[in-house]
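Structure first, then comments.
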Amino acid sequence: MDTAVLLEYAWVLIVLIGLEGLLAADNAVVLAVMVRHLDPVRRKKALFYGLLGAFVFRVIAILLLVWLVQWWWVQALGALYLFYVSISHLLALRKNKEEPSEELAEKQKEKNQSGFWMTVLKVELADIAFAVDSILAAAAIALALPAVGGDFFGVNAGQYTVMLIGGLIGVIIMRFFANYFVELLAKRPSLEVAAFVIVGWVGVKLSVLTLAHEAVGIIPAEFPHSTTWKIIFWAVMVIIVLVGWFAGSKKTEQTKEA
């Protein structure tokens with residue numbers, strides 16, 4: 001491998017690690033809000049299983065990359081599941097606000113006692129959706145690199161290695177993000193609404209990928225990778241976070257005054 005190619009690979013790997021770090025934040029939000037209702041001990045176990053699942057599913061997604069880019073319905077199913085997670089939890093949060101505190105406490109107790117494995121299952125399903133999103137984003141960058149070495153499961157070995165390293169580092173970053181978000185949600189419960197809105201917004205992102213797929217062709221294939229869409233996506237993400245943060249801050253201040 002000559003110096004120019006080596007430098008190109010190193011630069012793309014740095015960019016990919018940054019991208020995976022941003023995407024890991026999305027996944028970490030899902031992990032945090034899904035395990036938040038569990039007691040600290042089982043929450044830690046659920047986070048471990050979730051992160052293990054994220055690792056496994058990202059490796060599988062890379063191995064299946066050649067087929068994933070052809071199966072538009074995989075992206076569609078991922079989007080639908082994220083919409084389901086977002087809408088169902090937002091409706092549940094709204095319902096909880098309307099229920100008397102005693103009934104809500106009793107339901108929470110029952111959920112804590114019986115919901116561990118169901119929580120793990122939901123987390124793993126979300127991991128699959130995010131793995132597809134993450135690897136497709138990584139592929140858009142890594143597959144543009146010069147081919148180095150032979151083929152590995154239909155993908156160039158050099159390009160595959162870059163995607164694998166970026167994906168695994170993303171899981172490591174997610175480990176720290178998830179713990180941080182769990183602690184943050186405990187301090188600012190109102191951010192839970194913003195978190196599930198973000199889950200739905202990532203579902204929109206997967207929907208855009210689906211609609212731009214060459215087998216569907218409803219929107220231009222280059223749009224999901226365009227600067228315009230990336231600016232729109234991250235701008236909306238930041239707005240959601242800011243609204244959730246300041247709405248929570250205002251509510252806390254009002255509670256103290258009361």
Side-chain angles (χ1 to χ4, degrees), residues 23-61 74 77-99 101-134 167-168 170-206 240-241 244 248:
L23 295 175
D26 298 333
N27 206 333
V29 168
V30 179
L31 289 176
V33 293
M34 283 187 168
V35 304
R36 181 171 172 263
H37 67 279
L38 298 173
D39 61 82
V41 175
R42 293 196 298 169
R43 183 188 302 154
K44 187 175 181 180
K45 289 182 180 178
L47 279 175
F48 171 77
Y49 291 137
L51 293 166
L52 180 63
F55 172 83
V56 172
F57 293 135
R58 286 190 186 211
V59 172
I60 292 173
V74 174
L77 286 176
L80 289 174
Y81 179 70
L82 293 181
F83 285 142
Y84 164 75
V85 170
S86 177
I87 295 170
S88 63
H89 281 79
L90 287 172
L91 290 175
L93 289 173
R94 182 178 178 181
K95 184 179 179 182
N96 288 344
K97 286 182 179 180
E98 297 172 354
E99 289 185 349
S101 56
E102 292 181 2
E103 291 183 17
L104 184 58
E106 187 62 30
K107 283 188 176 182
Q108 186 68 26
K109 185 178 178 181
E110 292 176 5
K111 194 175 182 181
N112 289 346
Q113 292 173 345
S114 62
F116 177 76
W117 288 111
M118 182 56 67
T119 298
V120 171
L121 176 61
K122 289 179 179 179
V123 167
E124 300 301 357
L125 289 173
D127 279 332
I128 294 173
F130 278 104
V132 172
D133 178 40
S134 173
L168 297 185
V171 174
I172 294 171
I173 294 172
M174 190 194 311
R175 169 71 174 81
F176 296 101
F177 269 131
N179 284 332
Y180 171 72
F181 279 122
V182 168
E183 294 174 3
L184 186 60
L185 287 168
K187 296 176 182 177
R188 289 178 174 264
S190 62
L191 278 175
E192 189 169 0
V193 174
F196 282 116
V197 173
I198 288 174
V199 174
W201 182 234
V202 177
V204 171
K205 182 183 178 185
L206 275 177
I240 294 171
V241 172

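Everything numeric here is computed off the predicted structure, so don't read it as measured data.
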Flag if over 12 foreign heavy atoms under 6.0 Å of OH, Y84: no
Gap separating the CZ atom of F196 from the CG atom of L82, nearest 0.5 angstrom: 11.5 Å
Nearest-0.5 Å distance, NZ of residue K205 to CD1 of residue I198: 12.5 Å
Rounded distance (nearest 0.5 Å) linking atom CH2 of W117 with atom OH of Y49: 4.0 Å
Smallest separation among heavy atoms of V35 and A46, with atom names: CG1-CB, 3.7 Å
Closest non-hydrogen atom pair between A79 and G203, with its separation: CB-O, 3.4 Å
Interatomic distance, L77 atom CG to L206 atom CG [nearest 0.5 angstrom]: 10.5 Å
Value rounded to 0.5 Å, distance of CG in L121 from CG in L125: 4.5 Å
Closest non-hydrogen atom pair, A194 against G244: CB-CA, 3.9 Å
